[in-house]
Amino acid sequence: MKKRIALALAVAMSLSMVACGNNASTETASSPEAGDMVYAVEAGSAGEAVAQEKGFQCNSVASQADALMEVAAGTSDAAIIDLLMAGAMIGEGTSYPNLIHTDELTTEEYGVGCRKGSDLAAYINGVMAEAYADGTMQTIAEEYGVQESLVAQSADAYEPAADGDVAYIQEKGTLIVGITDFEPMDYKDGDEWIGFDADMARLVAEKLGVEVQFVEIDWDTKIMELDSKNIDVVWNGMTLTDEVTSAMECTNAYCNNAQVVVVPAE
């Protein structure tokens with residue numbers, strides 16, 4: 001059953017963080033000095049990038065869910081994850097009621113990634129623009145509590161190519177979507193993948209007249225998976241970084257996001 005997830009944002013707190021190797025004199029309650037803190041981050045993620053940029057000590061793990069497990073288990077002092085995931089996964093009534101988020105380290109946007117030069121990105125832009133205009137996108141967003149993060153959509157000119165990805169996907173009859181377990185964007189309810197991104201991908205597959213198939217990938221190798229045609233699209237709360245936009249044909253941004261620090265409540 002789909003779950004309606006309210007985006008519960010904890011009250012912002014001050015958390016002083018100092019690059020690895022610097023002397024730190026400020027402490028948070030029941031925590032090591034900031035310069036000694038170890039931050040769990042998903043390998044290849046925007047969270048890992050900002051941690052490296054700031055010189056934090058990192059513990060790179062397979063997923064943002066694993067990063068939260070590290071903090072809950074006490075094997076990392078903090079985690080850096082997406083704000084939208086924090087709203088779904090931490091705080092009262094969630095999987096991690098004893099965790100809170102403090103600093104917002106970045107402001108960023110999510111987009112969908114296709115192969116470089118692919119006509120699929122423009123096609124998806126058209127579907128999202130139509131869904132935004134008729135209220136479908138808002139309805140799906142409300143189902144997963146991300147409606148406040150939506151970005152207004154406008155269609156790009158779409159020109160189908162005889163040898164393009166749209167024709168390739170329609171010929172094989174399947175849209176293969178690369179994802180990770182990332183609530184509220186892509187996650188499992190029993191055997192079924194649900195979430196805002198999963199439902200939007202289903203909508204695109206329906207418009208294409210094909211079946212949708214979700215494949216869990218190693219987020220650190222997403223570009224390789226895409227270029228090798230193991231997947232057709234990366235649709236998993238992907239931050240539109242310079243690295244991503246230079247390696248993929250990306251859609252317009254569809255959600256606002258941030259990277260936040262997650263720590264124990266006490």
From [X] [atom1] over to [Y] [atom2], what is the distance, rounded to the nearest 0.5 angstrom?
X: N59; Y: E70; atom1: CG; atom2: CD; result: 4.5 Å
X: I124; Y: Y158; atom1: CD1; atom2: OH; result: 10.5 Å
X: F56; Y: M37; atom1: CZ; atom2: CE; result: 8.5 Å
X: N257; Y: Y110; atom1: CG; atom2: OH; result: 3.5 Å
X: F182; Y: I81; atom1: CZ; atom2: CD1; result: 7.5 Å
X: L84; Y: E148; atom1: CG; atom2: CD; result: 11.5 Å

Do any N or O atoms from the side chain of [X] and from the backbone of [Y] form a donor-acceptor pair under 3.5 angstrom?
X: D165; Y: D232; result: no
X: N98; Y: A265; result: no
X: D218; Y: D220; result: yes
X: Q170; Y: L208; result: yes
X: E225; Y: T221; result: no
X: E249; Y: G117; result: yes
X: S118; Y: L120; result: yes
X: Q153; Y: A253; result: yes
X: S45; Y: G47; result: yes

Quiz item: Side chains of E216 and D181: closer than 4.5 Å at any heavy-atom pair?
Solution: yes
Exercise. Could you tell me whether the side chain of V263 reaches within less than 4.5 Å of the side chain of I100, counting heavy atoms only?
Key: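 A side-chain contact exists here, since the closest heavy-atom pair is under 4.5 Å.
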Quiz item: Linking I/L/V/M/F/W/Y whenever any side-chain heavy atoms sit under 4.5 Å apart, do F196 and V151 land together?
Solution: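 No, it is not one cluster - the side chains of F196 and V151 are not joined through contacts under 4.5 Å.
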Practice problem: Give a yes or no on whether Y254 and L203 share a hydrophobic cluster (residues Ile, Leu, Val, Met, Phe, Trp, Tyr; joining criterion: side-chain heavy atoms under 4.5 Å apart). | Solution: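 Yes: a chain of side-chain contacts under 4.5 Å links Y254 to L203.
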Where [X] and [Y] come nearest, the two heavy atoms and their spacing:
X: A161; Y: A167; result: O-CB, 3.9 Å
X: S60; Y: E48; result: OG-OE2, 2.7 Å
X: V233; Y: L175; result: CG1-CD1, 4.2 Å

Taking atom types as modelled and ignoring hydrogens, do the side chains of [X] and [Y] form a donor-acceptor contact shorter than 3.5 angstrom?
X: D197; Y: Y144; value: no
X: E211; Y: T174; value: no
X: D82; Y: Q259; value: yes

Does [X] [atom1] have over 12 foreign heavy atoms under 6.0 Å away?
X: D242; atom1: CG; answer: no
X: Q138; atom1: CD; answer: yes
X: K116; atom1: NZ; answer: yes

Exercise. Validate the cation-pi geometry between K229 and Y168: distance from NZ or CZ to the six-membered ring centre under 6.0 Å, angle to the ring axis within 45°.
Key: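 So K229 does make the cation-pi contact.
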